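To keep things clear, I will list the structure first and then write my remarks on it.
Only a predicted model underlies this, so the values are computations on that prediction, with no experimental measurement involved.
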Amino acid sequence: QVQVVESGGGLVQAGGSLRLSCAASGLTSIEYSMGWFRQAPGKEREFVAVINWRGGTYYKDSMKDRFTISRDNAKYMVYLQMSSLKPEDTAVYYCGVGNGWAPVAQSDYVYWGQGTQVTVSS
């Protein structure tokens with residue numbers, strides 16, 4: 001059974017940094033993309049970033065200057081390094097395992113974690 005677990009969320013001050021981690025277990029292939037979405041109160045879940053099994057990345061334009069997605073050598077771990085955080089970054093951040101080279105739609109993802117809360121205060 002595939003499980004996806006996010007960690008690393010918490011409360012940070014504006015301008016600070018935070019590193020989120022996502023661990024996927026039970027996968028039988030490394031040929032999946034892994035991505036991050038986020039959902040703020042009162043808003044729809046939005047795409048943040050994705051990385052494929054070759055290390056290629058794609059970001060939402062508004063995120064690319066401050067956020068960096070990466071994978072570790074195990075190939076089933078993905079990270080989201082966030083810097084210069086702003087209060088509007090406050091959201092639940094979700095990690096997903098998706099199909100395709102660069103999936104950006106929720107429907108492209110087949111496994112999801114439960115999310116980790118990121119709160120940025122002024």
Exercise. Take W101 and Y58 through the test side chain to side chain contact (heavy atoms under 4.5 Å, CB included) and record every step on the way to the result.
Key: CA-CA 10 Å; W101 191 246; Y58 181 76; over 6 Å; no
Quiz item: Does T116 reach the main-chain N or O of Y93 with its side chain, forming a donor-acceptor pair under 3.5 Å?
Solution: no
Quiz item: Ignoring hydrogens and geometry, is there a side-chain-to-backbone donor-acceptor pair from Y76 to R71 under 3.5 Å?
Solution: no
Quiz item: Does a side-chain heavy-atom distance below 4.5 Å link R66 with D89?
Solution: yes
Quiz item: Are W112 and F37 an aromatic pair by the rule of ring centers under 6.0 Å?
Solution: yes
Quiz item: Taking N52 for the side chain and A102 for the main chain, is one N or O donor matched with an acceptor at less than 3.5 Å?
Solution: no
Exercise. Identify the heavy atoms of C22 and V4 that sit nearest to each other, and give their distance.
Key: SG-CG1, 3.4 Å
Exercise. Begin with the C-alpha distance, continue with both residues' side-chain angles, and end with the deciding distance and a verdict on side chain to side chain contact (heavy atoms under 4.5 Å, CB included) for M82 and V118.
Key: CA-CA 11 Å; M82 305 183 293; V118 172; 4.0 Å; yes
Quiz item: Can you name the closest pair of heavy atoms from W36 and L80 and give their distance?
Solution: NE1-CB, 3.5 Å
Quiz item: How many angstroms lie between atom CD of Q39 and atom CD of Q117, to the nearest 0.5 angstrom?
Solution: 11.0 Å
Quiz prompt | Atom CD of E44: over 12 foreign heavy atoms under 6.0 Å | solution = no
Exercise. For the residue pair Y79 and I69, establish whether any side-chain heavy-atom pair is separated by less than 4.5 Å.
Key: no
Self-check item: Same cluster (ILVMFWY, side-chain, under 4.5 Å), V97 and V5
Solution: no
Quiz item: Within the side chain of S33, is there an N or O that forms a donor-acceptor pair under 3.5 Å with the backbone of G100?
Solution: yes
Quiz item: Are the side chain of Y109 and the backbone N or O of P103 linked by a donor-acceptor pair below 3.5 Å?
Solution: yes
Quiz prompt | Interatomic spacing from CG in L20 to CZ in F67 - rounded to 0.5 Å | solution = 8.5 Å
Quiz item: Within a radius of less than 6.0 Å around CD of Q114, do more than 12 heavy atoms belonging to other residues, nucleotides or ligands occur?
Solution: no
Exercise. Quick one: closest heavy-atom pair of S84 and S17, and the distance?
Key: N-OG, 4.4 Å
Quiz item: Looking at side-chain heavy atoms only, is the closest gap between T90 and T119 below 4.5 Å?
Solution: yes
Quiz item: Are M34 and Y111 linked, directly or through other ILVMFWY residues, by side chains that come within less than 4.5 angstrom of each other?
Solution: yes
Practice problem: Output, in order, the C-alpha distance, side-chain angles, deciding distance and verdict of side chain to side chain contact (heavy atoms under 4.5 Å, CB included) for M63 and E46. | Solution: CA-CA 11 Å; M63 315 292 182; E46 66 173 341; 3.8 Å; yes
Quiz item: Do V110 and Y94 share a hydrophobic cluster (ILVMFWY, side-chain heavy atoms under 4.5 Å, transitive)?
Solution: no
Quiz item: Applying the 4.5 Å side-chain criterion to the ILVMFWY set and letting contacts propagate, would Y59 and I51 be lumped into a single cluster?
Solution: yes
Self-check item: N/O donor-acceptor pair under 3.5 Å between E6 side chain and C95 backbone
Solution: yes
Quiz item: Taking atom CZ of R45 as the centre, does the number of heavy atoms from other residues, nucleotides or ligands within less than 6.0 Å exceed 12?
Solution: yes
